[in-house]
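Structure first, commentary second.
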2 protein chains.
Amino acid sequence: MDGFQPPGRLVTLTDVAREAGVGESTVSRVLRNHGSSSKRARERVAEAVARLGYVPNRLAGSLAGPGASAQLAGVIVPSLANVVFPDLLRGLTGALDAAGIRCVIGVSDYDPDREEALAAALLSWRPAALLLTGLEHNPGTVALAKAGGVRVVEMIDTDGAGIDAVVGFSNRAVGAASARHLVARGYRRIAYLGHDLQVDLRAGKRLAGFEAALGEAGLSLHGREIRPGPSSPGSGRAGLESLLARHPDLDAVYFSNDDMALGGYFACLAAGLSVPGRIALFGFNGLDFAAAMPQPLSTVRTPRLEIGRQAASCLIGESPKKIDLGFELIEGATA
Amino acid sequence: MDGFQPPGRLVTLTDVAREAGVGESTVSRVLRNHGSSSKRARERVAEAVARLGYVPNRLAGSLAGPGASAQLAGVIVPSLANVVFPDLLRGLTGALDAAGIRCVIGVSDYDPDREEALAAALLSWRPAALLLTGLEHNPGTVALAKAGGVRVVEMIDTDGAGIDAVVGFSNRAVGAASARHLVARGYRRIAYLGHDLQVDLRAGKRLAGFEAALGEAGLSLHGREIRPGPSSPGSGRAGLESLLARHPDLDAVYFSNDDMALGGYFACLAAGLSVPGRIALFGFNGLDFAAAMPQPLSTVRTPRLEIGRQAASCLIGESPKKIDLGFELIEGATA
DNA sequence: GCGGCTTTTGGCAGCGCTGCCAATCCGGTT
DNA sequence: AACCGGATTGGCAGCGCTGCCAAAAGCCGC
């Protein structure tokens, strides 16, 4: 248990074999519980492992094993600042843990070039799979993914063609459903308040779906505000204030997500505007706080954790190429 | 660039060497920009790499290199549901990225046994470092970390002794500062509202510091409510409602974090209680939304990103054993 | 046009592990 | 007592790469 060794050389399987008085292959078999071994061998190996404090070297194991590694998954997310992606990771790690697969992560900052560089970097660890966010990638990223000999799972978005497996929901459909809800509730002068669309392509798809559905109802966007930088309550608050200054008559706002919507709600509280009487608010994501608000936020709950879990199952077992997990429109009290 | 190879065997360095008409070592040197090489060799290798779509195998590289790997960092966080940890990861990955080090993550769910198992699992990838959260671990975890031949960095908490490097701030001091602030503002009947303390030891330390400072002022906690499960606005809202039912006379509440405080604020809004007139609210973390609230939340801003960055620098360069990054008390409008 | 020097190069061992295969062991048979 | 089939075992090659070292090539001035 103490395993004092000259730092620099760690205990190896060979050490364990010598200590246990058995061959290397026997130790290997016992440790992986693979092939047959006698009770005696198992005991001696277990003792030696404990005595020496042996930690197997998976680098070597994966190298020697068939088809390189299979115990790492490379995950690239655009950001960690938006709760969505930690939630995704949460679902992933939770489900992958049981299978002994670890996630190596990369954060692309919504930059396709960075994503490509990260894909190459992660692929160099010979992961069992590469998990990407969204369907839009550099050609180079796609080439890497295809040539890499790994499974590829694209998460979150189902609006388009994937490289291999795709798990998510339709952002366009979310936008459309949100618009229909607002229209059905009688709102007519509806604005959009979002963060940078160039950067968050999924938000752009939601907006496209939203505008399309608005169009079907004979309406169009009554103002729009795109805030630079990432989404945040602060940005949502400032955005709504600016939007109202320009379009004092609007009666509803569709936000790029709940964080922005929360900021909008705060703006209304601060300005004494009644919600949804004077102005209705509609978000996206269905975050925890939405339900705790004095007036529960009207929003769309996305299956973020479930996407992670399903993506994990794409690596472990076989599963369909494209999984649409849908979404749920939450009729809160703000729209 | 297309690199069509029979799936199952990926392009190896040997293939590149053959294609480029040079020796393996030359390819290796060129690729790592290590040692000297002629311009001609560099060009031929670059061409061959591009033509074959070669992606180096770091598994093999790390195994062959000195002292095993040095390009992976094992990170264990207790949760991904609390913004704090994604923020930590954000700081980490951001700073480690430049050095080409990738993070392999593990989520312990606040369970020390799980943490130990994860430590062993991560160590088996022979990372350059093991990054843990907090200072409290199983003896087995500590033994692994010490014997693992890796740098160990414990993040977030500085109240206690670390295994190796420690980066964070004093949670006790945060609690004490929060208490002093409330006392100085004239609040006397102060309650605590938190989530499971057994599980979140740092929250426990804050509370201990809070109570100690209250004691110095001749006060003690006027009620406390510990909610089961993780912190969330929903939990904070329900908690404050229950707390007020039991202690209708309290004039301030110290929350285990901003999420809980946000829920408390919502409870006040819903019940029509003026903040801070009727009841003052004080949070912890300084999250984005705190500043966007109609009345900015009084809270303590913690250097989460910076902790991640400093932790990263502990792996890259040399740095002091213990880094206390402090915190900032934000005098909002709610306390 | 030849030493003496530096720069560049390739061969090969070996990192720690696994898969393969032949050797050994065991218990029961004939 | 010699024999047999299956269970168990150990030796060893090799996964893809890097470090070491000696060999080869280039370069200088005389």
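In the text below, chain A, chain B and the rest are named by the order of the sequence lines, each starting its count at 1.
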Between B:Glu115 and B:His137, a side-chain donor and acceptor under 3.5 Å: yes
I want to check something: taking the side chain as every heavy atom from C-beta on, are B:Ile316 and B:Leu96 in contact at a cut-off of under 4.5 Å? yes
At under 4.0 Å, does any side-chain N or O of A:Ser36 touch on OP1 or OP2 of D:dT8? yes
Presence of B:Ser38 side-chain N/O under 4.0 Å of C:dT9 phosphate oxygens OP1/OP2: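 So the side chain of B:Ser38 is within the cut-off, an N or O lying under 4.0 Å from OP1 or OP2 of C:dT9.
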Send over the distance from [X] [atom1] to [N] [atom2], rounded to a whole Å.
{"X": "A:Arg42", "N": "D:dA7", "atom1": "CZ", "atom2": "P", "value": "14 Å"}
{"X": "B:Lys39", "N": "C:dT7", "atom1": "NZ", "atom2": "C1'", "value": "17 Å"}
{"X": "B:Arg18", "N": "C:dG11", "atom1": "CZ", "atom2": "P", "value": "12 Å"}

Let me see the working for A:Arg102 and B:Leu122 under side-chain contact (heavy atoms from CB on, under 4.5 Å), right down to the final yes or no. CA-CA 8 Å; A:Arg102 307 267 86 90; B:Leu122 295 184; 3.4 Å; yes
When every nucleotide of nucleotides 15-28 of chain C is labelled 5' to 3' by its protein contacts under 4.0 Å (heavy atoms), B for base, S for sugar-phosphate only, - for none, what sequence of letters results? BBBSB---------
So what is the end-to-end bend of the helix from C:dG1-D:dC30 to C:dT30-D:dA1, with 5 pairs used at each end and the value given to 10 degrees? 50°
All side-chain hydrogen bond (donor to acceptor under 3.5 Å, both in side chains) counterparts of A:Ser28, not counting sequence neighbours: A:Arg32
Minimum heavy-atom separation for B:Ser37 and B:Arg42, please, with both atom names. O-NH2, 2.9 Å
Using 4.0 Å as the upper bound for N to carboxylate O, is an ion pair formed by [Y] and [X]?
{"X": "B:Asp97", "Y": "A:Arg114", "value": "yes"}
{"X": "A:Glu47", "Y": "A:Arg44", "value": "no"}
{"X": "A:Lys321", "Y": "A:Asp164", "value": "yes"}

Looking at every strand, decide which applies to A:Ala41 at a 4.0 Å heavy-atom threshold: base, sugar-phosphate, or nothing.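 Answer is sugar-phosphate: A:Ala41 comes under 4.0 Å of backbone atoms only.
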